[in-house]
Peer 1: 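Have a look at the structure that comes next, please.
Heavy atoms only: backbone and side chains are in, while hydrogens, waters and symmetry mates are out. Residue numbers start at 1 and run along the sequence shown.
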Amino acid sequence: MQQMEFQPKEEKFNIKKTISKYLYKWPWFIASVLLFVIGAYIYLRYSVPQYQSKTTLKFDKKQNDLSSALSDLNNLGIGLGNADELKSEAAVVNSRPILVQVVENLNLNVEYFNAGEFKDSQLFTKAPITAKILTYTKEKFVSSTYTLTDIKGDQFTLHNQKKKEIVGKFNIPLQLDFGTVIFQRNSSVAIKSEYKVIFWNPIEKVKKLEKTVRVSLPEEKAMLMEISLIGSLPEKSEAILNEVTKQYNLDGQRDKNLQAQNTQEFIDKRLEVITKDLSGVENQKEDFQNRNHIVDLQAQAELALQNTSDNTKALLLQQTQLDLLNSLTAEASKGNSQLMPSNLGLSPSLEQSIAQYNSLLISRNKTLKQATNENPAVIEMNREIAALKDIIRDNIREQKVSVQAGISQLQNQITTSKSTIEKVPGQSKIYRGIERQQNLKEQLFLFLLQKREENAINLSVNVPKAKIVNPAFTEEIPVFPKKNIILLGAFFLGLLIPFAIFYLLFSLDDKIYSRDDIKERSGLGVLVDIPSLKDNENHLVQKNDFTELAEAFRVLVSNLKFVLPVKDSAKIIMVTSSVKGEGKTLVSVNLALTLANKNGRGLLIGSDIRNPQIQRYDSEPTKRKGLTEYLYDDSVNVDELIHTSTTNPFCDVIYAGAIPPNPQELLSNGRYQKLIEQMASQYAYIVIDSAPLMLVSDTLSIADTADATLYVVRSAVSKNILIDFANDLVRDSKLTNVSFVVNDVSKRAGGYGYNYSYGYGYSQTKDKKSWFKKIFKS
């Protein structure tokens, strides 16, 4: 007997099979794509486009205007010095105080809509009516919606969400649930029959603006700030952005004015203090000058030094004259016979007297050379000389007194000058300290006066905090919804959703559909694919049958020749499966009908005595003896068991018979093998319809009688685990020469159609191949 050795099969990814599984579901993909594309079209038709509006502000790194009166002191101003300060300004732009002012100025807490059949169109500048909330009676309300209808002249009717009617008039306050409102009419815009008005709590609108107003700092654009807003009404978005920039600059101007006012107050206070301090220092300087008799300390010091020098020189001269006078006194005390020194720089009177004395003395001496002392002329001259000598001594005494008085005066002046010079360092130190304080106070006083004027100029000049580079503008292409992206996304989503569903189903699907599924998990051969049959089709192979079922079993018979051993006795083929309902009986019956012919009869033995099914294909309802009777009753003759098939006269059948209580014992008592040996000499083929292997062990008791085993699996019913079960049986040598038969294979299983596999030249009903099959045929 030829044995087929089991070899484990390595799984390989079959891309053609995988694609074929999804392509077979193409109607679902097309339906899904159409559904999503239509849904996207409807969404785009009734969705409200959202447009992006932008404005751009520019900041100076350091403004050169008089932004701060104390900028020279603290080196600060409203100009922005770095990116961090710009980031802080970005937070200010989107701050709640500014947005509150924007909501209030633009009346954003009231929205108007033109009521439509499917969607409402929002109105802003072209609204025929306007409403303003005067007072609130319920401050914690979020929003309240009213429908305005029946506009007749100045009268109208409001309907709230509870369908309550409220009649009101334009320009007259109206009491509503949340507060008092006044409606006004815009005569320049035509009015329609119905409008929707939504009143919001201002805080809620501010919160919404905080989320929608976006402030960005482009890195490639230094000191620029972009403010953007996405909304359905471009004119409303632009108005909001323009108002935001306006309020931001006003807020900056208020901050600047507040800073300037605070600076003004500070300067005035400091000026008051500095004025008092400066007055005190000046009084102190004046008192110091008065007490020390100082007009110009430096000049007075220089004068004292000069006086000291001059007085010292004069003192030396006077002392010299005193010495001369002392010498003359000594000369004057001598007799009247010696001349006295003259031309000594003394007083003119003294010099004159000495000159007269010397001249008279010379004349007397000349006279004495010619006369005696008793000469009257000599006596007269001596008398005159003595008189002049007395005069000279008197002049010398007077001159000495005068010189000594001058020396004393000069010494006093020198002492006074030295005293003055000695006081100069201390007085200079004190005086410089007083002058330093005075100069400091004067400079600070002048500085504050200057800054007060600068601050006054700064208050009068309104310089915007940020320059508006681009006023608010709106891009033409809406940012939402993106038509092309949504349609393309709908298309791909239409493909993805069914793909994901089928991927999940295919991933969870552990059933066998074609021979490829078996080849992926087992090295055992697959002899044939049995096509799927409808309930109204004939399930038995008839004589001269050219249906797909008949062709499939002819292929099976042809492939069996390569599996069955060559021997003289009957070739025994056992047909089994894992569980009930996989079609082993259908295969057994039709295989027996196909094998049996005039050149060799065939025998079909119903060996599933627990659940016999062969009789379903027998048109004779009469109960006959079967295998069970033969196994437990030795007196039963084999001939009583054999019945000829009404479909094929060359095929005999042994039915299972009655259902016994102990099938396993009957099949293993040895009589079954005896029956096979006896029938092997009478038939060319014996087909055994056995019990499922996974449910009972009956089949294993008779498996040794088979030359080949056909393991039937049913497409879309049998699970992959059954292939593993069959592999284990072969691996454990419980079954030999095993081949698979795939039953109930649909025309799409594995991507193969049976008009292609079996119908070429044989099929009685040849279907025309579709373009889909032509493209993806194997």
Side-chain angles (χ1 to χ4, degrees), residues 1 569-589 591-592 601-618 620-645 651-683 685-712 725-726 729-730 732-738:
M1 181 179 294
S569 59
K571 297 179 178 63
I572 304 170
I573 306 166
M574 185 176 71
V575 182
T576 186
S577 65
S578 298
V579 294
K580 178 183 176 182
E582 293 181 303
K584 61 178 181 57
T585 301
L586 174 69
V587 174
S588 302
V589 172
L591 178 60
R601 296 184 65 85
L603 174 64
L604 173 62
I605 302 177
S607 301
D608 187 1
I609 59 179
R610 291 178 185 266
N611 185 24
Q613 297 293 324
I614 295 180
Q615 62 272 15
R616 292 190 296 110
Y617 301 95
D618 191 354
E620 298 182 10
T622 305
K623 293 185 178 180
R624 303 183 177 93
K625 290 183 179 180
L627 180 61
T628 301
E629 286 77 7
Y630 175 80
L631 294 177
Y632 75 80
D633 188 357
D634 295 341
S635 62
V636 176
N637 190 358
V638 175
D639 296 335
E640 300 178 24
L641 308 177
I642 299 174
H643 303 279
T644 302
S645 171
C651 180
D652 294 334
V653 181
I654 298 178
Y655 292 97
I659 299 175
N662 53 348
Q664 173 65 27
E665 296 179 1
L666 292 178
L667 291 172
S668 59
N669 62 9
R671 286 182 60 79
Y672 188 87
Q673 286 76 7
K674 181 179 178 182
L675 174 65
I676 296 299
E677 292 176 0
Q678 184 178 353
M679 295 296 103
S681 60
Q682 301 178 20
Y683 294 93
Y685 297 95
I686 298 177
V687 179
I688 301 173
D689 179 28
S690 63
L693 286 167
M694 186 171 281
L695 300 179
V696 293
S697 61
D698 299 355
T699 301
L700 298 178
S701 301
I702 59 174
D704 57 343
T705 62
D707 296 323
T709 300
L710 297 183
Y711 205 104
V712 179
F725 176 72
L729 293 176
V730 175
D732 297 339
S733 301
K734 294 180 180 179
L735 296 178
T736 57
N737 200 9
V738 179

Peer 1: Can you tell me if T628 uses its side chain to pair, donor with acceptor, with the backbone of A656 under 3.5 Å?
Peer 2: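 Confirmed, T628 side chain pairs with A656 backbone.
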Peer 1: So, using salt bridge (Lys or Arg N to Asp or Glu O under 4.0 Å) as the criterion, who are the partners of D639 when residues are at least two apart?
Peer 2: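 With neighbours one apart ignored, the set is empty.
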Peer 1: Report yes or no: does D707 contribute a side-chain atom to a donor-acceptor pair with the main-chain N or O of I572 at less than 3.5 Å?
Peer 2: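 A pair under 3.5 Å: yes.
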Peer 1: Passes side chain to side chain contact (heavy atoms under 4.5 Å, CB included), S588 versus L604? Steps please.
Peer 2: CA-CA 7 Å; S588 302; L604 173 62; 3.9 Å; yes
Peer 1: Which donor-acceptor pairs under 3.5 Å do the side chains of residues 672-681 make with protein atoms, sequence neighbours left out?
Peer 2:
unit_1 : atom_1 : unit_2 : atom_2 : d
Y672   : OH     : S607   : OG     : 2.5
Q673   : NE2    : S701   : O      : 3.4
S681   : OG     : Q678   : O      : 3.1

Peer 1: For the backbone of A691 and the side chain of T576, can you confirm whether one donor and one acceptor N or O come within less than 3.5 Å of each other?
Peer 2: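 The answer is yes, because a donor-acceptor pair under 3.5 Å joins these two groups.
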Peer 1: Please report the closest heavy-atom contact between V636 and L641, naming both atoms and the distance.
Peer 2: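 In this case the closest contact between V636 and L641 is CG1-CD2, 3.9 Å.
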Peer 1: Side-chain contact test, heavy atoms from C-beta onward, threshold under 4.5 Å: evaluate it for L735 versus L700 and give yes or no.
Peer 2: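 The answer is yes; the side chains approach within 4.5 Å.
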Peer 1: Heavy atoms, side chains only, cut-off 4.5 Å: are Y711 and L693 in contact?
Peer 2: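 Yes, their side chains come closer than 4.5 Å.
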Peer 1: Ignoring hydrogens, what is the shortest heavy-atom contact between G606 and L627? Give both atom names and the distance.
Peer 2: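 Reported closest heavy-atom pair: O-CD2, 3.7 Å.
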Peer 1: Give me each pair satisfying salt bridge (Lys or Arg N to Asp or Glu O under 4.0 Å) with a member in residues 654-666, each pair once, sequence neighbours excluded.
Peer 2: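 Sorted result for residues 654-666: empty, none.
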Peer 1: Could you check whether any side-chain heavy atom of D634 comes within less than 4.5 Å of a side-chain heavy atom of R671, counting everything from C-beta outward?
Peer 2: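 They are in contact (side-chain heavy atoms under 4.5 Å apart), so the answer is yes.
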Peer 1: Tell me the closest heavy-atom pair linking R601 and C651, and the distance in Å.
Peer 2: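 Nearest heavy atoms, R601 then C651: NH2-N, 4.2 Å.
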Peer 1: For K625 versus H643, what's the shortest heavy-atom pair and its separation?
Peer 2: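 Looking at all heavy atoms of both residues, the shortest contact is O-NE2, 4.0 Å.
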Peer 1: Who are the side chain to side chain donor-acceptor pair (under 3.5 Å) partners of S697, not counting sequence neighbours?
Peer 2: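 Checked S697 against side chain to side chain donor-acceptor pair (under 3.5 Å); matches are Q664.
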Peer 1: With sequence neighbours excluded, what pairs up with E629 under the side chain to side chain donor-acceptor pair (under 3.5 Å) test?
Peer 2: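 Here no residue qualifies.
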Peer 1: As an exercise, state the distance from NZ of K580 to CG of N611, rounded to the nearest 0.5 Å.
Peer 2: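 Nearest 0.5 Å value for the NZ-CG distance: 4.5 Å.
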Peer 1: Without swapping roles, check the side chain of D732 against the backbone of K734 for a donor-acceptor pair under 3.5 Å.
Peer 2: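 No, because the side chain of D732 does not come within donor-acceptor range (under 3.5 Å) of the backbone of K734.
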Peer 1: With the side chain counted from C-beta on, respond yes when T705 and M574 share a heavy-atom pair under 4.5 Å apart, and no when they do not.
Peer 2: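 No, their side chains stay 4.5 Å or more apart.
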Peer 1: Applying side chain to side chain contact (heavy atoms under 4.5 Å, CB included) between I688 and each of V575, I702, L710, I573, report the one that passes.
Peer 2: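 Between I688 and the candidates, side chain to side chain contact (heavy atoms under 4.5 Å, CB included) is satisfied uniquely by I702.
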Peer 1: Under 4.5 Å between any side-chain heavy atoms of Y617 and V653, yes or no?
Peer 2: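 A side-chain contact under 4.5 Å is absent here.
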Peer 1: Given the rule in the side chain to side chain contact (heavy atoms under 4.5 Å, CB included) test, do N737 and T709 qualify, once you have shown the distances and angles that lead to the verdict?
Peer 2: CA-CA 6 Å; N737 200 9; T709 300; 6.0 Å; no
Peer 1: How close do P692 and D608 get, heavy atom to heavy atom, and via which atoms?
Peer 2: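 Shortest heavy-atom contact: CD-OD2, 3.9 Å.
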Peer 1: CG/L603 to OG/S645 distance, rounded to the nearest 0.5 angstrom?
Peer 2: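 So the CG of L603 and the OG of S645 are separated by 11.5 Å.
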Peer 1: Which residue pairs pass the salt bridge (Lys or Arg N to Asp or Glu O under 4.0 Å) test with at least one member in residues 686-701, sequence neighbours excluded?
Peer 2: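 Output for this query lists K584-D689, R610-D698.
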